[in-house]
S.K.: 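One structure, as structure tokens, below. Some questions next.
Please read all numbers here as calculations on a predicted model, not as lab measurements. Chain A is the first sequence line, chain B the second, and so forth, proteins listed ahead of strands; every chain is numbered from 1.
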Amino acid sequence: MKLSTEFYQREDVVLIAEELLGKYLYTRINGELAAGIIVETEAYRGPEDLGSHAYNHRRTPRNEIMYAAGGVVYMYICYGIHDMLNIVTGHEGSSHAVLIRALEPVEGIELMRERRKILTDDRKLCKGPGALAKAMGLNKSHNAISLQGDTVWIEDKGFNPDPDKMVATSRIGLNISEPYKSIPWRFYIANNSFISRK
DNA sequence: GCGACGATCATCT
DNA sequence: GATGATCGTCGCG
């Protein structure tokens, strides 16, 4: 069943990032279904988080959707090339989000191979935020879509990783100062071979 | 298997 | 005009 609006609209974005591990992300783009288990996430907690696009209440056309009520998608382009998938959380007016960083593919794997042009190693299909967006058929045009719809959604299949198999560590790729540089707001499933890196 | 590096452009100042 | 919440390739060994 789909995760509820209440799940997303809680204020503790760090907890939500952790709880998203083991959930199933689905897309149906042009009628084609793809799915994967979320194995790696990062929390971004606006407005106090230096790493967040909403740091210090920053509000621009790009990040406007971060201020919507939780349960919608925030897509943006990084390095001019890569589309990133984020889950907006919290109540309307707050600006938290969770970056989905890696999936373990479970459905539509052939479709992912076509989209990614990787035929040999399925572990690379959804390895990293830019890669998984491409594999799942997501791009900036999907910004602001609701997770209660039938284009992008997340399901709880009753599978939860052991708490002691969840690793919390520092986020990747941020060129910022302490303490946010090394605060442990990145989560992944230990020993999973589909994460972007250790 | 791993580190270095260049690609590439939307976005903000 | 500068800057990335990155990725694929290359060289190495």
S.K.: Can you see whether A:Y188 has A:R101 sitting over its ring - NZ or CZ less than 6.0 Å from the centre and within 45° of the normal?
M.R.: no

S.K.: What range of DNA chain B does chain A touch, first nucleotide to last, counting atoms under 4.0 Å from its heavy atoms?
M.R.: B:dA7 to B:dT13

S.K.: Just how far, in rounded Å, is C1' of C:dA5 from CG of A:L138?
M.R.: 16 Å

S.K.: Check step by step if side chain to side chain donor-acceptor pair (under 3.5 Å) holds for A:S196 and A:E40.
M.R.: CA-CA 8 Å; A:S196 66; A:E40 180 180 346; 2.8 Å; yes

S.K.: Between A:E114 and A:K117, is the closest basic N to carboxylate O distance under 4.0 Å?
M.R.: no

S.K.: Categorize A:G128 for me: base, sugar-phosphate, or nothing, with a 4.0 angstrom heavy-atom threshold over every strand shown.
M.R.: sugar-phosphate

S.K.: For A:K134 and C:dC7, what is the distance between atoms NZ and C1' respectively, to the nearest whole Å?
M.R.: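 Taking NZ of A:K134 and C1' of C:dC7, I get 10 Å after rounding.
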
S.K.: For C:dG1, which nucleotide is its Watson-Crick or G-U wobble mate, given both distances must be under 3.5 Å?
M.R.: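 The answer is B:dC12, by the H-bond criterion.
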
S.K.: Starting at CE of A:M75 and ending at C1' of C:dA5, how long is that distance when rounded to a whole Å?
M.R.: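 Taking CE of A:M75 and C1' of C:dA5, I get 13 Å after rounding.
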
S.K.: Using only heavy-atom distances, decide whether a donor-acceptor pair under 3.5 angstrom links the side-chain of A:H82 to the base of C:dA5.
M.R.: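 Checked by distance alone, the answer is no.
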
S.K.: Step by step, work out the side chain to side chain donor-acceptor pair (under 3.5 Å) result for A:Y44 and A:E42.
M.R.: CA-CA 7 Å; A:Y44 287 85; A:E42 283 178 1; 2.6 Å; yes

S.K.: Measure CG/A:N86 against P/C:dG4 and give the value in whole Å, please.
M.R.: 17 Å

S.K.: Over how many whole Å does the gap from A:L174 atom CG to C:dG4 atom P extend?
M.R.: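 Taking CG of A:L174 and P of C:dG4, I get 10 Å after rounding.
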
S.K.: So A:R62, base contact, sugar-phosphate only, or nothing? Heavy-atom distance under 4.0 Å.
M.R.: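 Result for A:R62 = sugar-phosphate.
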
S.K.: To the closest 0.5 Å, what do you measure between NE2 (A:H53) and OG (A:S95)?
M.R.: 12.0 Å

S.K.: Judged by atom type as modelled, is there a donor-acceptor pair below 3.5 Å linking the side chain of A:K23 to the main-chain atoms of A:E19?
M.R.: yes

S.K.: Under the side chain to side chain donor-acceptor pair (under 3.5 Å) test against A:R113, which residue among A:D121, A:T120, A:D122 passes?
M.R.: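 When side chain to side chain donor-acceptor pair (under 3.5 Å) is applied between A:R113 and each of A:D121, A:T120, A:D122, only A:D122 qualifies.
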
S.K.: Start at the 5' end of DNA chain C and walk down; is the nucleotide closest to A:A131 or to A:N175 reached first?
M.R.: A:N175

S.K.: Rounded to the Å, how far apart are A:I81 CD1 and C:dT3 C1'?
M.R.: 13 Å

S.K.: Rounded off to whole Å, could you give me the CG-to-P distance for the A:L132 and C:dA5 pair?
M.R.: 16 Å

S.K.: Measure from CZ on A:R171 to C1' on C:dG4 and round the result to the nearest Å.
M.R.: 15 Å

S.K.: Quick one: which of C:dA5, C:dG4, C:dC7 gets closest to the side chain of A:Y76?
M.R.: C:dA5

S.K.: A:I118 or A:E42: which one's nearest nucleotide on DNA chain C is closer to the 5' end?
M.R.: A:E42

S.K.: Which residue, A:K140 or A:R123, contacts DNA chain B at a nucleotide closer to its 5' end, judged by nearest heavy atom?
M.R.: A:R123

S.K.: Determine the contact category for A:R116: base if any of its heavy atoms lies under 4.0 Å from a base atom, sugar-phosphate if only primed atoms, P, OP1 or OP2 are that close, otherwise nothing.
M.R.: sugar-phosphate

